[in-house]
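The next block holds one structure in the form of structure tokens; read it before the comments.
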Amino acid sequence: MEPQLNTDEPEQPIYLINFESYLRPKLPHKVHPLQQFVRLPKPESNLETLNKTLKRLKVVRLWRKGHSVAAKRLSLCHKWFNGLPLPSFLAFLRARVDDGLCKRKTGFEIYCEMASIHGFHIFVGAKTWQRVLWWLLICTAVLLSLIVLVMSHTLNVDTPTIRIIESMHEPTSNMPFPAVTICSLNRVSKQRLQQKARQRNESWSQLWEDLAPPLCEAQLLGCKWEGQATACEKILKPIWTVHQGLCCTFNYESTRHTFHSGCEKGLTIRLATQSEDYGSAAAATYGFEVMVHESYTTPDGVSPRVIAPNSAETYLMVKPFGTHATSYVGGLEVDKRRCYLPNERKLFHFTSYEQDNCLAECRGERLHKQCGCVAPHTPKRRDWLVCKFSELECLQKHNSINGQLTETGNIENYVYLCNCWPLCAFHRYEMLSEVVPMAVNYPVEYEYDKFFKNFNASNEVLLHVYYDALTAEQLRLDVYENWLTFIGTFGGITGLFMGCSFVSVFELIFFVFVRPTCNWLTKQQIKYRLRRKRRRQAQLAAAAH
């Protein structure tokens, strides 16, 4: 009678566990020698079966003969390499002949096993050709890293500074309104020339001043600033220039800001041409020269200009550009950054430094050196003399800017010889002009505006200078590479070619300095304990006798 099973109790599951299966490699014939002591036989592949078949047919006898010769030569090369005395720093290229479990490892081998740099672990337990190959690859990576780092350093030396667009929407209210200098195309007043025709024994400087047309006194008919009528003598003042003579300038050596843009909220000036007073004109037309420049810069012959002709309305749309320098720029030498920080360069004539002011003083020094005197109203020192009429030929010969540049080669050499680098922080102004001829009957809506009282469109000029937009470009002058970017460049290059990092550096410092030092201290401590133990034993032996 068969025993009855108890169906009330649940059936217990059976688990089959093989504790060794997870330790066995999936491909035993590809296991590294260090991972096992007994090499497992390789399974016979289809290629080996075909090879045996061909051997029976005596087809590969010739191939075997050549293969045996090549194997002998390779064996000879291997023996020669093993017998070749290598330097101590290349001893790690020798292949290990044991499993590494019983042989004492050197500090370099321990470092290779633990290093985070790519490829160094190959030097432990690999064959000789593998070690040589990886050594060549690592040397190539180091060489490429050095080449790229040298190229980066060369770029930093050649271009130590770089100008970057920091903002395209910087408010124009943060930038000072430019200086506007107005010069008449008439260089000699005809009326004053007739009055001076009977007089003699006047100096050249005095004669030039007496014959200059009264621009600021009689030709300014009305001024507006930000839409409000203002007395011209309050916002414009006379200024003497070398090439244009007597001019009137707005916002010179002052700082004005505007929060507006457009024609109605800029600078508007009514100018009387006075064509009947033209005695010597600079151009075959009636009108004025208008120059836009920085507030503390004196205009000269190379300043950009626009002609505002007679009986026309001239619009000058100004676009400002601001540049400021970072603190890193101050760490560079002047010859490298090629610009000056505020109050870093002093001038003998002008109160504030600007590149154009410095070049004007440099031209004055060259004129004084060549002729012993300078032209009237030229930047000069107190002990310099103003040239007379007899010395006019010398001034005309050496006062030409083109002549100055021809002597020095180019404008960069001229700036270098004069030591007149630009400021690191400055403002630049670009302008776009539009000239509209005015009709004889000017628009009727201006009849009730006091600013246009007694307006004569046939012998007047209307000038409008204003910002074309409420935003401007803000540039930043910075060094090409500072300590932070250098760390990023160095880390990126070494990480790309060798996989290095700060951890790799710490590992190298530890195995080169810290670990040997600790081992040496440990040995010294053991030696000290042994000496102390022997000394005690000797004392005990002496006491026993």
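Position 1 is the first residue of the sequence; numbering continues from there.
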### Query
More than 12 foreign heavy atoms under 6.0 Å from CZ of Phe506: is that the case here?
no
### Message
For a side-chain contact (heavy atoms from CB on, under 4.5 Å) check, start with the C-alpha distance between Gln355 and Leu423, then their side-chain angles and the critical distance, and finish with the verdict.
### Response
CA-CA 7 Å; Gln355 187 180 29; Leu423 286 172; over 6 Å; no
Rounded at 0.5 Å granularity, tell me how far [atom1] in [X] sits from [atom2] in [Y].
{"X": "Ile138", "Y": "Phe497", "atom1": "CD1", "atom2": "CZ", "answer": "14.5 Å"}
{"X": "Arg535", "Y": "Arg531", "atom1": "CZ", "atom2": "CZ", "answer": "7.5 Å"}
{"X": "Phe321", "Y": "Arg163", "atom1": "CZ", "atom2": "CZ", "answer": "12.0 Å"}
{"X": "His153", "Y": "Thr489", "atom1": "NE2", "atom2": "OG1", "answer": "13.0 Å"}
{"X": "Thr494", "Y": "Leu149", "atom1": "OG1", "atom2": "CG", "answer": "7.5 Å"}
{"X": "Arg515", "Y": "Glu507", "atom1": "CZ", "atom2": "CD", "answer": "13.0 Å"}

Are any of the side-chain heavy atoms of [X] and [Y] separated by less than 4.5 Å?
{"X": "His427", "Y": "Tyr429", "value": "yes"}
{"X": "Tyr340", "Y": "Cys420", "value": "no"}
{"X": "Ser152", "Y": "Val148", "value": "no"}
{"X": "Arg338", "Y": "Thr161", "value": "no"}
{"X": "Thr298", "Y": "Asp356", "value": "no"}
{"X": "His368", "Y": "Lys380", "value": "no"}
{"X": "Asn419", "Y": "Trp421", "value": "yes"}
{"X": "Val290", "Y": "Val180", "value": "yes"}

### Task
Just jot down the ring pair (Phe, Tyr, Trp, His ring centres under 6.0 Å) partners of Tyr296, sequence neighbours excluded, or say none.
none
### Plane angle bin for Trp225 and Phe250 - parallel if under 30°, tilted between 30 and 60°, otherwise perpendicular
tilted
### Message
SG to SG below 2.5 angstrom is the rule I want applied to Cys424 and Cys339. Does it hold?
### Response
yes
### Query
Are Cys418 and Cys358 within a span of less than 2.5 Å, counting SG to SG?
no
For the pair [X] (side chain) and [Y] (backbone), establish whether a donor and an acceptor sit closer than 3.5 Å, ignoring hydrogens and angles.
{"X": "His257", "Y": "Met175", "value": "yes"}
{"X": "Thr159", "Y": "Leu155", "value": "yes"}
{"X": "Ser295", "Y": "Ser254", "value": "yes"}

### Query
How close do Arg256 and Ile235 get, heavy atom to heavy atom, and via which atoms?
NH2-CG2, 3.7 Å
### Message
Using the rule given for side-chain contact (heavy atoms from CB on, under 4.5 Å), can you reason through Tyr328 versus Trp483, listing the C-alpha separation, both sets of side-chain angles and the distance that settles it, and then say yes or no?
### Response
CA-CA 10 Å; Tyr328 295 109; Trp483 65 271; 3.8 Å; yes
## Note on the structure
So salt bridge (charged side-chain N to carboxylate O under 4.0 Å, His left out) across residues 465-488, not counting sequence neighbours, yields Glu166-Arg476, Arg476-Asp478
### Query
Between Arg345 and Glu361, is there a side-chain N and carboxylate O pair less than 4.0 Å apart?
no
### Residues which pass side-chain hydrogen bond (donor to acceptor under 3.5 Å, both in side chains) with Ser261, listed by chain and number, not counting sequence neighbours
none
### Query
side-chain contact (heavy atoms from CB on, under 4.5 Å) between Val334 and Glu344: does it pass, once the steps are laid out?
CA-CA 10 Å; Val334 177; Glu344 194 174 17; 3.6 Å; yes
### Message
Quick check: Phe177 with Tyr467 (ring centres under 6.0 Å apart)?
### Response
yes
### Task
In sequence, state the C-alpha distance, the side-chain angles, and the governing distance for Tyr480 and Asp158, and then conclude on side-chain contact (heavy atoms from CB on, under 4.5 Å).
CA-CA 10 Å; Tyr480 182 82; Asp158 295 339; over 6 Å; no
